[in-house]
Amino acid sequence: MEQKHFHFNEKKRVVVKIGSSSLNYGETGNLNFTKLEHLVRELCNLRNRGMDVCLVSSGAIAVGRQTLGMDERPKDISTKQACAAVGQARLMMIYQRLFAEYNQVAGQVLMTKNTMVNPVSRENAKNTFDELFRLGAIPIVNENDTVSTYEMQFGDNDTLSAIVASLIGADLLILLSDIDGLFTDDPHKNPDAKLIEVVEEMDASIYGMAKSSTGSDVGTGGMATKLTAAKIATLSGTDMIIANGRDVCILHHIFDDSFKGTIFQAKKKESFRIEDFILETIG
Ligand SMILES: Nc1ncnc2c1ncn2[C@@H]1O[C@H](COP(=O)(O)OP(=O)(O)O)[C@@H](O)[C@H]1O
Ligand SMILES: N[C@@H](CCC(=O)OP(=O)(O)O)C(=O)O
């Protein structure tokens, strides 16, 4: 797809979200180190281009489950939280090592809904991001799964990444998924589904396409949570892209103006306040 008119290479602050299914080998559930290494290299190159870069990485529960030798996806909250405690630490250890290889520094930011709803916590979180960018570091964000209660959970990192993008005033959010973008229907169920390349208006016809079915044993939310993310991002003035994270080199293709995916065009609404949106819609 030729998208020269979008000028993504002029973006200044970019959030990239990668889902659990893109970090693991589907068949074994083990981490794909080559993929992680390529992802980190791509993000370091964006930093080298002069952009502020933030990574929202899922995978804590999947990595913890693997590390603890569980065959089944955990169902109850305390088992998920125990998996996240083990997996988040392991994931960060790997990221720290890989970023250091490219002479970049990564910092961990773990958030709950409370971080966004409480004005003092929200301001503190924003200041932390600003300071990390000023220092040239790359924030790596996840939900604080080990402590977040059901009521205070975002529950999916698609929504969380859009909230982070809104909080830090990012001008581009990229969701790396296990699928090329938004299709007219779930392509795993409907082989006639067609890729939508650009979404200018988030109207009812668009919401009708997205199903919450996931493409893997580790994904959360399916396309429905990606559209919630698109709504938050576009109202905040952030363009959003869904692209396939199978090959993370797609990141430089996005900035070189040639890639396959779905672009949601920003529509900033002056009255939009992320904290009100969270209270009204996500609860
Ligand atoms: N309209 C749609 N277009 C594309 N994918 C869809 C659609 N509706 C549901 N899906 C499902 O959403 C999945 C992607 O979400 P998910 O499994 O949560 O993965 P991840 O968060 O890792 O990207 C796809 O694999 C697909 O099965
Ligand atoms: N916070 C959870 C991930 C939740 C989530 O949205 O997962 P995914 O659908 O894989 O992006 C974790 O790190 O395991």
Side-chain angles (χ1 to χ4, degrees), residues 16-24 26 29 31-32 35 55-68 70 73-74 77 79-92 95 108-113 140-148 152-164 174-197 199 205-230 240-246 248 250 260-262 264 282:
V16 176
K17 182 258 170 177
I18 188 142
S20 315
S21 60
S22 302
L23 294 175
N24 296 325
L31 270 176
N32 181 339
K35 174 81 79 72
L55 172 66
V56 177
S57 176
S58 303
I61 296 173
V63 170
R65 163 187 158 188
Q66 205 56 34
T67 309
L68 293 165
M70 290 180 196
R73 181 180 183 146
I77 295 217
T79 314
K80 280 189 196 166
Q81 289 181 314
C83 286
V86 172
Q88 179 66 26
R90 179 166 284 219
L91 208 50
M92 276 312 293
Y95 276 128
Q108 172 180 258
V109 182
L110 298 179
M111 297 176 66
T112 64
K113 208 189 280 176
I140 302 181
V141 183
N142 198 354
E143 177 146 23
N144 197 348
D145 296 302
T146 52
V147 298
S148 61
M152 291 319 279
Q153 233 178 11
F154 291 112
D156 76 90
N157 276 358
D158 297 324
T159 311
L160 176 62
S161 64
I163 288 168
V164 168
I174 301 172
L175 303 186
L176 294 176
S177 181
D178 65 353
I179 197 125
D180 288 341
L182 171 70
F183 285 71
T184 49
D185 195 1
D186 184 348
H188 291 126
K189 304 210 165 122
N190 178 356
D192 297 326
K194 300 272 177 306
L195 180 70
I196 309 278
E197 295 191 343
V199 175
S205 70
I206 295 294
Y207 286 104
M209 294 172 190
K211 310 291 177 316
S212 51
S213 44
T214 59
S216 66
D217 186 35
V218 287
T220 311
M223 209 32 69
T225 50
K226 288 175 186 37
L227 289 197
T228 304
M240 188 182 108
I241 292 172
I242 302 175
N244 204 321
R246 185 179 44 232
V248 291
I250 197 159
K260 188 157 91 171
T262 305
F264 297 81
I282 317 171

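One-based numbering, in listed order, for ligands and for the atoms of each. One is the number of the first residue; the rest follow in order along the sequence.
Distances from atom 14 (C) of ligand 1 to the heavy atoms of Thr225, Asp178, Ile179 show the closest one on Asp178.
In terms of polar-atom proximity, Ala62 is not counted as a contact of ligand 2, lacking any N or O under 3.5 Å from an N or O of the ligand. Considering both main-chain and side-chain atoms, Asn157 comes within under 3.5 Å of ligand 2 through a nitrogen or oxygen pair. Here's the thing with Ser20: one of its N/O atoms is less than 3.5 angstrom from an N/O atom of ligand 2. Close N/O approach between Ser20 and ligand 1 is not found [any backbone or side-chain N/O within under 3.5 Å]. At least one N or O atom of Met209, backbone or side chain, sits closer than 3.5 Å to an N or O atom of ligand 1. Considering backbone and side-chain atoms together, Leu176 places no N or O closer than 3.5 Å to any N or O of ligand 1. For ligand 2, the polar-atom distance check finds no N/O of Ile18 at less than 3.5 Å from any of the ligand's N/O atoms. Considering backbone and side-chain atoms alike, Glu143 places every N or O at 3.5 Å or more from each N or O of ligand 2. Of the N or O atoms in Ser21, one or more lie within a sub-3.5 Å distance of an N or O in ligand 1. Residue contacts with ligand 1: Ser22 is placed with no nitrogen or oxygen under 3.5 Å of a nitrogen or oxygen of the ligand (distance criterion only). Any N or O atom pair closer than 3.5 Å counts here, and Phe183 shares at least one such pair with ligand 1.
With a 4.0 Å heavy-atom cut-off, ligand 1 is reached by the backbone of Met223 and by its side chain too. At a heavy-atom cutoff of 4.0 Å, ligand 1 is contacted by no atom of Ala224, backbone or side chain. At a 4.0 Å heavy-atom cut-off, ligand 1 does not touch Asn157 at all. Counting heavy atoms closer than 4.0 Å to ligand 1, residue Lys189 contributes nothing at all.
At least one donor-acceptor pair under 3.5 Å links the side chain of Gln81 to the backbone N or O of Asp145. Under the 3.5 Å distance criterion, the side-chain polar atoms of Glu143 are matched with a main-chain donor or acceptor of Phe154. Side-chain atoms of Ser22 do not come within 3.5 Å of backbone N or O of Ile18 as any donor-acceptor pair. Side-chain atoms of Lys194 come within 3.5 Å of backbone atoms of Asp192 as a donor-acceptor pair (strictly under, hydrogens ignored).
Judged purely by distance below 3.5 Å, without hydrogens or angles, the side chains of Asn142 and Gln88 pair a donor atom with an acceptor atom. With 3.5 Å as the limit, one finds a donor-acceptor pair spanning the side chains of Asn144 and Thr146.
Atom CG of residue Leu91 and atom OG of residue Ser57 lie 4.5 Å apart, to the nearest 0.5 angstrom. Within the model, atoms CD1 of Ile179 and OG of Ser21 stand 10.0 Å from one another, a figure rounded to the nearest 0.5 Å. Distance check, rounded to the nearest 0.5 Å: NZ of Lys80 to CD1 of Ile61 gives 6.0 Å. Taken from CG in Asn24 to NZ in Lys35, the straight-line distance is 9.0 Å, to the nearest 0.5 Å. Considering CG of Leu31 and CG of Leu23, their distance stands at 6.5 Å, rounded to 0.5 Å. We find the CD1-CD1 distance between Ile196 and Ile206 to be 5.5 Å, quoted to the nearest 0.5 Å.
Proximity of Leu195 to Leu182: side-chain heavy atoms (C-beta onward) are nowhere separated by under 4.5 Å. Looking at Met223 and Asp186, their side chains never come closer than 4.5 Å, going by heavy atoms from C-beta outward. Met240 places a side-chain heavy atom less than 4.5 Å from the side chain of Leu175.
At a threshold of 4.0 Å, the pair Asp158-Lys17 counts as salt-bridged, since one of the basic side-chain nitrogens sits closer than that to a carboxylate oxygen.
Ala230 and Phe264 get closest at one heavy-atom pair: CB-CD2, 3.6 Å.
Close approach to Pro187 involves these atoms of ligand 1, each under 4.0 Å from a residue heavy atom: 3 (N), 4 (C), 5 (N). Which parts of ligand 1 touch Gly181 is read off a 4.0 Å heavy-atom cut-off, strictly below it: atoms 3 (N), 4 (C). Near Gly19, meaning under 4.0 Å from any of its heavy atoms, are these atoms of ligand 1: 22 (O). Short contacts between ligand 2 and Asp156, defined as distances under 4.0 Å to a heavy atom of the residue, involve ligand atoms 6 (O). In summary, the atoms of ligand 2 found under 4.0 Å from a heavy atom of Asp145, numbered by their order in the structure, are 1 (N), 2 (C), 12 (C), 13 (O). Of all the atoms in ligand 1, the ones that sit under 4.0 Å from a non-hydrogen atom of Asp185 are 1 (N), 2 (C), 3 (N). Distances below 4.0 Å separate heavy atoms of Gly59 from the following atoms of ligand 2: 12 (C), 13 (O), 14 (O). Set against the non-hydrogen atoms of Lys17, the atoms of ligand 1 under 4.0 Å away are 21 (O). Close approach to Gly19 involves these atoms of ligand 2, each under 4.0 Å from a residue heavy atom: 10 (O), 11 (O). Near Ser177, with a cut-off below 4.0 Å to any heavy atom, the atoms of ligand 1 are 14 (C), 20 (P), 23 (O).
The shortest separation from a heavy atom of Ala84 to ligand 2 is not under 4.0 Å, leaving the residue out of contact. Residue contact annotation: Gly245 has no non-hydrogen atom under 4.0 Å from ligand 1. Residue contacts with ligand 2 include Lys17, since one of its heavy atoms falls under 4.0 Å from the ligand.
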